Amino acid sequence: MGHTDYNIGMLDVVLEVRDLRVLRGERTVLKKINLWLGAGQYLELRGANGSGKTSLLRAVAGLLPIEAGGVFWRSAPLATDRSAFRSESIYLGHDAPLKADFSAIENLHYWIGLRRPLQRQEIEAALTKVGLPAAAQLRPTRQLSAGQRRRVSLAALLLARVRLWLLDEPTTQLDADGQAMFAGLVEEHLRGGGIAVAAMHAPLTPAPAAKQELVLAAA
Amino acid sequence: MGHTDYNIGMLDVVLEVRDLRVLRGERTVLKKINLWLGAGQYLELRGANGSGKTSLLRAVAGLLPIEAGGVFWRSAPLATDRSAFRSESIYLGHDAPLKADFSAIENLHYWIGLRRPLQRQEIEAALTKVGLPAAAQLRPTRQLSAGQRRRVSLAALLLARVRLWLLDEPTTQLDADGQAMFAGLVEEHLRGGGIAVAAMHAPLTPAPAAKQELVLAAA
Amino acid sequence: MDFTWFHRLGSPPYIYRLSERLSPWFGWSAAILIAAGLYGGLVLAPPDYQQGDGFRIIYVHAPSAWLSLMVYSCMATAAAVGLIWRMKVAHAMAASCAGVGAAFTAVSLITGMLWGKPMWGTYWVWDPRLTAQLILLFLFFGYMALRASYDDTSRADRLSAWLAVIGMVNVPIVRFSVEWWNSLHQSPSVMKLARASMPASMLVPLLLMLAGFTVFFLAFLSVRLRAEVLRREKHSAWVREMVANA
Amino acid sequence: MRHFRLLLTRDLRLAVRRPGQTLLPIGFFAMVTALFPLALSPRLEELRAIAPGVLWVGALLAALLSLDHLLRDDAADGTLEQLVAGSESLLSLVLAKVAAHWLMTGLPLALLAPLLGAGLGVPVAAMPGVIMALVLGTVCLSLLGAAAAALTLGARRGGILLTLLTLPLAVPVVIFGARATKLTIEGGSAAGAFYLLAAVAVLTLTLAPLATAAVLRIAVE
Amino acid sequence: MRHFRLLLTRDLRLAVRRPGQTLLPIGFFAMVTALFPLALSPRLEELRAIAPGVLWVGALLAALLSLDHLLRDDAADGTLEQLVAGSESLLSLVLAKVAAHWLMTGLPLALLAPLLGAGLGVPVAAMPGVIMALVLGTVCLSLLGAAAAALTLGARRGGILLTLLTLPLAVPVVIFGARATKLTIEGGSAAGAFYLLAAVAVLTLTLAPLATAAVLRIAVE
Ligand code: HEM
Ligand SMILES: Nc1ncnc2c1ncn2[C@@H]1O[C@H](COP(=O)(O)OP(=O)(O)OP(=O)(O)O)[C@@H](O)[C@H]1O
Ligand SMILES: Nc1ncnc2c1ncn2[C@@H]1O[C@H](COP(=O)(O)OP(=O)(O)OP(=O)(O)O)[C@@H](O)[C@H]1O
Ligand SMILES: [Mg+2]
Ligand SMILES: [Mg+2]
């Protein structure tokens, strides 16, 4: 997975969150959130429905305004410059950002292709690795099953080759094999010096070695 | 839950599927599917991603054309008349049919209200029963979390008071309590003489007494 | 060069107190100027030899029209400052301009139409200046609508600021449309004081009204600005203590 | 009847919730009529001559514009399935949808016409006639549009197909309507034209809903 | 540059996949121009007089109609977030979007104009001028529209707001464009009008994309 290049200067590869406060509407849904994640670490966000997992992920990804506190990447505050963060991180929300009219391959070509040039074989390899049948790779994604669509966005993770994964319930709609497969992907990513943050309702199994857990309490 | 009226003439309350074949595009995704479900029985659809769970549910619900074979409700073929079936069954797909601009209460009022007149208290009771906070009941559903939106559609099941539930992965995005709560709903529904068919990736726990399982093999 | 004044202008409490101190002065002088202007215009000034008393509408029309352009320019400038130096106060200033500006524009349109009937025989013609002025009104409305449709103030600030800046292109069109296209509309007579085409008895009241309208704008602005600043800073310490002391 | 009321209030309420989408057609109508004078030389008698055309083309565009949303939105978020499953007769569903659509576009258009007409030099005396003609016409447009919308629901080519289907159906309405308007503006007796328009309206009112309901049943199942 | 090409091909390809949505604006344009002769008494000289207005209002409407989709679709299905995160400069994103929009609406409109103009009695000699004017004008419309679309991206009242914001920005273009067209049709020397139009085009071409990019950044983050 070409993660070798990571192993230089991993010390500063850090995602830090300092007492973050996030509003939704006018209600405070998150307050006093503190995080410190180094290379190779996995953070699992747990909490009841509506406890703020999605909000936290989106705030970190810069998709929600931050009311107070700050998010730091490589000890640079995102408030002022996100360029490094943007190119080194990827966020996957509840449902995959796929164009229903494009095939899985086209979607990845235009989506991840923006970050770095992609070979078609590369894309196909990734899709096969996440277990999307060759036939399904060419069909418009509107013609894929829910789980198959989910797998396409997992392939995006592989292809993006970025340090930081921000994942919102990445395993929903995956069958048993899918769950195991995903756990493998995370493991590999961490071994390569990556960082993963995932909102989950059931713990990832097998759990990665360097696992932290943050349980959000409903505000 | 007013299920008493069910207990008369339960013998004919039967959903039957006789060697059903369903195409998606031009590919056959389901063939030789046979089912027999009586009052109080629960059928769990299992199978890998893309094995055809959603297709089967939609075909039974009459949302996909049937290539061969037939679906029978109270031993009447749906091909010829669905009126009884339509008023006695409800289908919930991968994502809830909610208007993002309506509150949970409004959504249920206009959605289930079509089937039978609803009192506001009735709706609120159902929403509370599925664990949606009172505050969240009045917010536009676009402002609900994924799991909260899921809970709204579960409340629809309660309010609809119909015999047959056709559910596609009803427990995704639900937290642990939510899963247990849903199992309780199904249990109650079956006790009242209802029938439930659910596509699931993990078995419903605690499993209902009268449980059948159909494992679909990827075509 | 010393920029402390600039930074002071950037601080909400300072602006709040400043406008609080100034607004009564603006208010009174506006009242006086406008009163004088109206007296001079409606009573002292002789009727026009061809329009009779109809021309007196100019004492409302022209000043409001000028102000509409001036206010928009102020709004755009404030917005630009807010964008460049990330100044909350500047955004607040721009936001407070919109309402008044729209009002002035509307008044100029209405009075103009009323005047148009006797002069051109119709309330409305699709003449460049008239059209441009109508567009100016739309710009004000668009600006306000845009602000209204965002919940998150800072986003509303920056987005509407861009709109204000983009819309600035329309101002010179309004201003110079009369020279650029052969328009039905009066060409700027007052501005060419050199060969003043108006008798002083008509001109002086007009200038008084203009001054009055301008000061009135400042007075209104200082009031609106205070409300705006309060709304934005309602959670801040200085507002809390001010409320506590009051 | 209960169904009809429920469905109607539903659509109206939704419309209120997203004023942007609701007002868009009316905004378009206003723009069409406002822009013509700008784009043309602003001589009033010239404008008066083309006023009927402007008003009616504007009305047709506005109607078409909102038709695209008439059923598609509900189909997209899966609510249409549930509505169909819920309501015992599709006819009430169709009628409710059409009524809602007309109340949100046709009626406002008709009421707005005088204001905009004034800008086009339509004499005040003609206003009642203009409004009346537009009321009749927009009713037809909503009805016909609904049928077309149902037809295109399944088809992937949505938008353009809708236009192509509605256009031939709508053209007679527009022509009659414009004639009626023209005559009223010129102060001639427009009775004949109005009878024609009314006849068309009645015809569509009786036939279109049935057709739409039938088509919808096919589209959904 | 690579980004630009990638983004452009993406949008064009998407457009090809859903021809319905893509052809809709052109269909509208065709309708506006086709309906006028029908709605009005079809005397050629009358038509010729209003031809510029019809063509330009049609063009503006067509542009606006598709503008609503320019960014909103991508924002809705979450792809815009990813595009912004991916592309290092938003400018290339904006330019690609505008280029795609123009290629799918502006250009076809301009090329279609002679055909429809003929129906409005536009003399053949004037066609090149008409096309040229529309090309220049539609470029401006796409650029200005993109800015407005970015401004209204996260707004609550989407649609109507877009119209309200685009109108004032677009009116000058329409006026100049129509004047140029009118002069060409009447066979007078339209050089002046064309220079004016070209000047506007150059101005917007240099300023609008920058503004749009800045706005987009604010809208997405
Ligand atoms: C709706 C119709 C009208 C509109 C929108 C309108 C608009 C304007 C505007 C924008 C100005 C300010 C120009 C500047 O600041 O340079 C102005 C000034 C003026 N208008 Fe009008 N006007 C209208 C009708 C009229 C009519 C009917 C008359 C009288 C024949 C008139 C006479 C004037 C005069 C004398 C000035 C002052 C010009 C100067 O000294 O600069 N306007 N009008
Ligand atoms: N746009 C919004 N406006 C106001 N409140 C919102 C909005 N979006 C979400 N909320 C509320 O904020 C809280 C947190 O939402 P969030 O989606 O982060 O929860 P979550 O932990 O992701 O829940 P789930 O497990 O169901 O995904 C919820 O109570 C939700 O109702
Ligand atoms: N519209 C379509 N056209 C063609 N093939 C389709 C279409 N929709 C789904 N398919 C294919 O049909 C098969 C069954 O799809 P279906 O959605 O029923 O699977 P599923 O069991 O629900 O999967 P999941 O567990 O991911 O929800 C899949 O291989 C899918 O790729
Ligand atoms: Mg969530
Ligand atoms: Mg499925």
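These numbers come from a predicted model, not from an experiment. Per chain, numbering begins at 1; letters A, B, ... match sequence-line order.
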- prompt: By a 4.5 Å heavy-atom criterion (distance strictly below it), what part of A176(A) contacts chain B: side chain, backbone, both, or neither?
  reply: neither
Interface moiety of L174(B) toward chain A, non-hydrogen atoms closer than 4.5 Å: both
message: Need one label for R150(B): side chain, backbone, both or neither, based on atoms under 4.5 Å from any heavy atom in chain A.
response: neither
query: Quick one: does Q173(B)'s side chain get under 4.5 Å of Q173(A)'s, heavy atoms only?
result: no
query: Would you say N49(A)'s side chain and D175(B)'s backbone share a donor-acceptor pair under 3.5 angstrom?
result: yes
- line: Residue from E169(B), Q179(B), K53(B) scoring the most non-hydrogen pairs under 4.5 Å with chain A is E169(B)
statement: With sequence neighbours left out, the residues meeting salt bridge (Lys or Arg N to Asp or Glu O under 4.0 Å) with R46(B) are E44(B)
- prompt: Quick one: does R24(B)'s side chain get under 4.5 Å of R139(A)'s, heavy atoms only?
  reply: no
query: Between Q148(A) and G50(B), which heavy-atom pair has the shortest distance, and what is it?
result: NE2-CA, 3.8 Å
Which donor-acceptor pairs under 3.5 Å do side chains of residues 96-107 of chain B form with protein atoms, sequence neighbours excluded?
residue, atom, partner, partner atom, Å
K99(B), NZ, D74(D), OD1, 2.6
K99(B), NZ, D77(D), OD2, 2.9
D101(B), OD1, R142(B), NH1, 2.8
D101(B), OD1, R142(B), NH2, 3.1
D101(B), OD2, R18(D), NE, 2.7
D101(B), OD2, R18(D), NH2, 3.1
S103(B), OG, I105(B), N, 3.4
S103(B), OG, E106(B), N, 3.1
S103(B), OG, E106(B), OE1, 3.4
E106(B), OE1, S103(B), N, 2.8
E106(B), OE1, R17(D), NH1, 2.9
E106(B), OE2, R13(D), NE, 3.2
E106(B), OE2, R13(D), NH2, 3.3
E106(B), OE2, R17(D), NH1, 3.3
E106(B), OE2, R17(D), NH2, 2.4
N107(B), OD1, K99(B), N, 2.8
N107(B), ND2, K99(B), O, 3.1
N107(B), ND2, F102(B), O, 3.2
N107(B), ND2, S103(B), O, 3.2

task: Please flag which part of Q143(B) lies under 4.5 Å from any non-hydrogen atom of chain A: side chain, backbone, both or neither.
output: neither
